[in-house]
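This report refers to the structure that appears directly beneath it.
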Protein chains: 2
Amino acid sequence: MYKIDFQNFFTYSFSSDIVIFGCQEGEIHVLLIKRAMEPFKDIWAIPGDLIYPDEDLQDASERILFELTKLRNIELHQAQTFANPNRHPQGRVITCSHFALVRIEDVVAQASSWAEDIDWIPMREVPELAFDHNLILQSTYDVLKQKLATEPVCFDMLPEKFTLHELQLLYEYAFEINMDKANFRKKIKPIPLISLDEKQKNVKHRPAKLYSFDRKRFQEKIEKEHYRFKMY
Amino acid sequence: MYKIDFQNFFTYSFSSDIVIFGCQEGEIHVLLIKRAMEPFKDIWAIPGDLIYPDEDLQDASERILFELTKLRNIELHQAQTFANPNRHPQGRVITCSHFALVRIEDVVAQASSWAEDIDWIPMREVPELAFDHNLILQSTYDVLKQKLATEPVCFDMLPEKFTLHELQLLYEYAFEINMDKANFRKKIKPIPLISLDEKQKNVKHRPAKLYSFDRKRFQEKIEKEHYRFKMY
DNA sequence: GCAAAAGTGTTTGGATTACACCCATGC
DNA sequence: GCATGGGTGTAATCCAAACACTTTTGC
């Protein structure tokens with residue numbers, strides 16, 4: 001049994017890290033920042049910030065996301081908490097990782113006082129990161145893949161209007177597999193999509209039809225039928 | 001941009017809560033404690049404790065589990081972190097919930113200085129708990145169910161030697177469904193089990209064969225074949 | 001014999017797989 | 001015309017659900 005005074009426990013710092021994922025040309029990208037200050041100055045890192053003493057984790061995460069991307073009302077998914085006592089050289093900082101799924105074209109990415117540079121990097125080309133951020137990124141990516149398999153979060157990172165091929169590429173990239181085109185289309189048949197009267201433009205092949213996700217009909221299907229989203 | 005001094009952030013307390021699950025007569029139980037001190041004295045709660053300033057989250061969780069159950073070398077699964085500023089009346093305590101799966105017969109549950117009582121309670125009969133522990137318990141149970149569907153963790157809560165019917169009851173309880181006996185047995189065919197030369201005793205019906213989980217062959221199947229555990 | 005649960009086989013329909021084929025566009 | 005991807009059909013196979021039936025124990 002420990003005999004340390006309660007007050008001595010109030011010596012931690014707590015932060016939230018936000019892994020922002022997007023999709024471009026079939027590749028899942030992550031938004032990383034190049035740190036503008038020590039420690040790990042000039043090294044790429046996951047955006048994150050300390051949490052205010054009276055701030056909820058959710059609010060802090062939304063604040064961090066907004067400061068970096070100017071996006072609001074994006075769903076934040078909690079992933080994992082990292083509490084190794086030595087993970088931060090300046091003191092004990094416990095961090096809780098989250099991820100957000102955004103459309104890359106919606107983001108007005110910009111440098112800031114704590115980020116001298118900022119860039120979208122394909123998940124398979126991520127360099128060495130600051131702190132334990134490679135570990136955090138990998139485990140957060142694993143949670144994303146889990147969600148991609150069981151929830152329709154893919155539509156949060158695809159453009160509003162997408163082709164079925166883009167959808168397929170996203171899953172192929174995430175699960176590192178190749179799928180048969182015809183079979184993939186049969187598999188996604190139950191997902192309620194809105195078939196738009198629009199086609200791709202300026203492509204050097206037959207232009208593909210555009211679709212968007214029918215979120216309303218999806219909810220209805222879950223409630224009324226026994227429907228469960230399931231990929232892979 | 002925040003302008004608060006870095007030192008002001010070191011005003012938190014951090015704790016680990018351990019939801020201990022077991023299985024008895026086909027029902028998933030949780031080990032709860034009746035608090036011996038304020039706040040919430042005499043109220044049921046999830047066991048947990050503050051983390052030492054230089055202690056890793058994993059070590060702290062193992063310590064808490066051992067103090068309560070005298071069990072070591074039990075896998076701890078991280079679930080979710082709760083950081084609402086008002087969740088603890090005595091200060092800002094951020095807690096990270098975990099779960100452990102144990103065999104109820106292995107646990108030497110005992111009261112302690114911080115728990116005047118301790119009991120296994122079926123998940124469907126959990127009373128009002130202290131703090132935000134009902135919320136924590138529910139979300140941790142959801143993570144357990146997720147794991148039950150994709151990893152062979154069921155065998156950590158069943159007796160070493162179990163009947164196929166016990167296995168079925170566990171899944172029926174977790175997913176709140178009824179399964180056909182014959183179909184269930186076909187579904188679990190790919191799971192490598194050791195068929196023991198032993199049977200149930202003192203039952204007033206045909207005694208069932210006992211099995212145990214073949215962890216070694218399971219690992220081999222994953223590595224050599226393309227096998228993926230998948231229930232429900 | 002009867003109750004209760006163990007344990008197995010058969011049929012059916014729907015989903016998954018592999019593969020083949022035709023279509024529209026830019027160059 | 002041809003390269004490139006868009007888009008669809010078919011047949012074989014596997015898998016899941018529904019259901020029926022036999023077996024073994026205690027009382």
Side-chain angles (χ1 to χ4, degrees), chain A residues 23-27 149-150 158-159 161-173 175-212 221 225-232, chain B residues 23-27 148-150 158-159 161-212 221 225-232:
Chain A
C23 188
Q24 206 159 46
E25 283 147 46
E27 298 186 336
T150 55
L158 286 173
K161 302 168 179 184
F162 54 87
T163 69
L164 299 185
H165 186 57
E166 285 174 316
L167 182 59
Q168 183 176 344
L169 286 178
L170 171 51
Y171 276 101
E172 290 187 334
Y173 190 87
F175 299 132
E176 303 185 47
I177 48 168
N178 292 311
M179 297 170 169
D180 178 273
K181 199 198 335 171
N183 294 339
F184 180 79
R185 280 153 198 244
K186 269 174 253 172
K187 192 195 198 98
I188 63 170
K189 266 273 155 58
I191 306 175
L193 299 179
I194 299 167
S195 168
L196 301 169
D197 273 336
E198 236 176 303
K199 299 201 169 184
Q200 273 183 318
K201 274 171 193 149
N202 304 319
V203 284
K204 65 177 198 294
H205 53 77
R206 174 173 171 183
K209 215 161 142 43
L210 294 174
Y211 293 83
S212 62
K221 263 192 104 149
E225 306 167 37
H226 246 242
Y227 178 62
R228 281 174 59 211
F229 182 91
K230 202 121 158 306
M231 296 290 294
Y232 190 54
Chain B
C23 188
Q24 207 159 46
E25 283 148 45
E27 297 187 337
L148 280 172
T150 55
L158 286 173
K161 302 168 178 184
F162 54 86
T163 68
L164 299 185
H165 185 58
E166 285 174 315
L167 182 58
Q168 181 176 345
L169 286 179
L170 172 51
Y171 276 100
E172 290 187 333
Y173 191 88
F175 299 131
E176 302 184 48
I177 48 170
N178 292 312
M179 296 170 169
D180 178 273
K181 197 193 342 165
N183 294 339
F184 180 79
R185 280 153 197 245
K186 269 173 256 171
K187 193 197 198 94
I188 63 170
K189 265 272 154 59
I191 305 175
L193 298 179
I194 300 167
S195 168
L196 302 168
D197 272 336
E198 237 177 300
K199 298 201 169 186
Q200 274 184 318
K201 274 174 190 142
N202 303 318
V203 284
K204 65 176 200 296
H205 54 77
R206 175 175 171 182
K209 215 162 143 40
L210 293 175
Y211 293 83
S212 62
K221 263 192 103 149
E225 305 167 37
H226 245 241
Y227 178 62
R228 279 173 61 211
F229 182 91
K230 201 123 158 303
M231 297 289 296
Y232 191 55

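A note on names: the letters A, B, ... follow the listed sequences, proteins ahead of strands, and every chain is numbered from 1.
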Rounded off to whole Å, could you give me the [atom1]-to-[atom2] distance for the [X] and [N] pair?
| X | N | atom1 | atom2 | value |
| --- | --- | --- | --- | --- |
| L169(A) | dT4(D) | CG | C1' | 14 Å |
| K209(A) | dA24(C) | NZ | C1' | 15 Å |
| R206(A) | dC21(C) | CZ | P | 18 Å |
| L167(B) | dA6(C) | CG | C1' | 15 Å |
| N178(B) | dA18(D) | CG | P | 11 Å |
| H165(A) | dT4(D) | NE2 | P | 13 Å |

[atom1] of [X] to [atom2] of [Y]: how many Å apart, nearest 0.5 Å?
| X | Y | atom1 | atom2 | answer |
| --- | --- | --- | --- | --- |
| Q168(A) | M231(A) | CD | CE | 9.0 Å |
| I188(B) | F229(B) | CD1 | CZ | 9.0 Å |
| K209(A) | T163(A) | NZ | OG1 | 12.0 Å |
| E172(B) | I177(B) | CD | CD1 | 7.0 Å |

- [ ] Kindly say if H205(B) contacts the phosphate of dG26(D), meaning a side-chain N or O under 4.0 Å from OP1 or OP2.
- [x]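 No, no such contact exists.
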Open item on the list: With a 3.5 Å distance limit and no angle check, can you tell me whether E27(B) reaches the backbone of Y173(B) through a side-chain donor-acceptor pair?
Closed with: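 Answer holds: no.
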- [ ] State whether the side chain of K161(B) and the backbone N or O of E198(B) hold a donor-acceptor pair below 3.5 Å, judged by distance alone.
- [x]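 Side chain of K161(B) to backbone of E198(B): no pair is present.
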Open item on the list: Are there over 12 heavy-atom neighbours, none belonging to E225(A), within less than 6.0 Å of that residue's CD?
Closed with: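 Yes, because the 6.0 Å sphere around CD of E225(A) holds more than 12 heavy atoms from other groups.
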Task: Selection from dT25(D), dG7(C), dG5(D) that lies nearest to any side-chain heavy atom of A208(B) - done: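 Of all the options, the side chain of A208(B) is nearest to dG7(C).
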Task: Option from L164(A), I191(A), L167(A), I194(A) for which side chain to side chain contact (heavy atoms under 4.5 Å, CB included) with Y211(A) holds - done: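 That would be L164(A).
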Open item on the list: Within residues 193-204 of chain A, which residues have any heavy atom lying less than 4.0 Å from an atom of DNA chain C?
Closed with: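 Result for residues 193-204 of chain A: V203(A), K204(A), sorted by number.
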Open item on the list: Heavy atoms within less than 4.0 Å of DNA chain C: which residues of residues 179-192 of chain B have one? Give them sorted by number.
Closed with: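 Result for residues 179-192 of chain B: K181(B), A182(B), R185(B), K186(B), sorted by number.
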Open item on the list: Can you classify the ring geometry of Y171(B) versus F184(B) as parallel (below 30°), tilted (30 to 60°) or perpendicular (above 60°)?
Closed with: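 Aromatic pair Y171(B)/F184(B) classed tilted.
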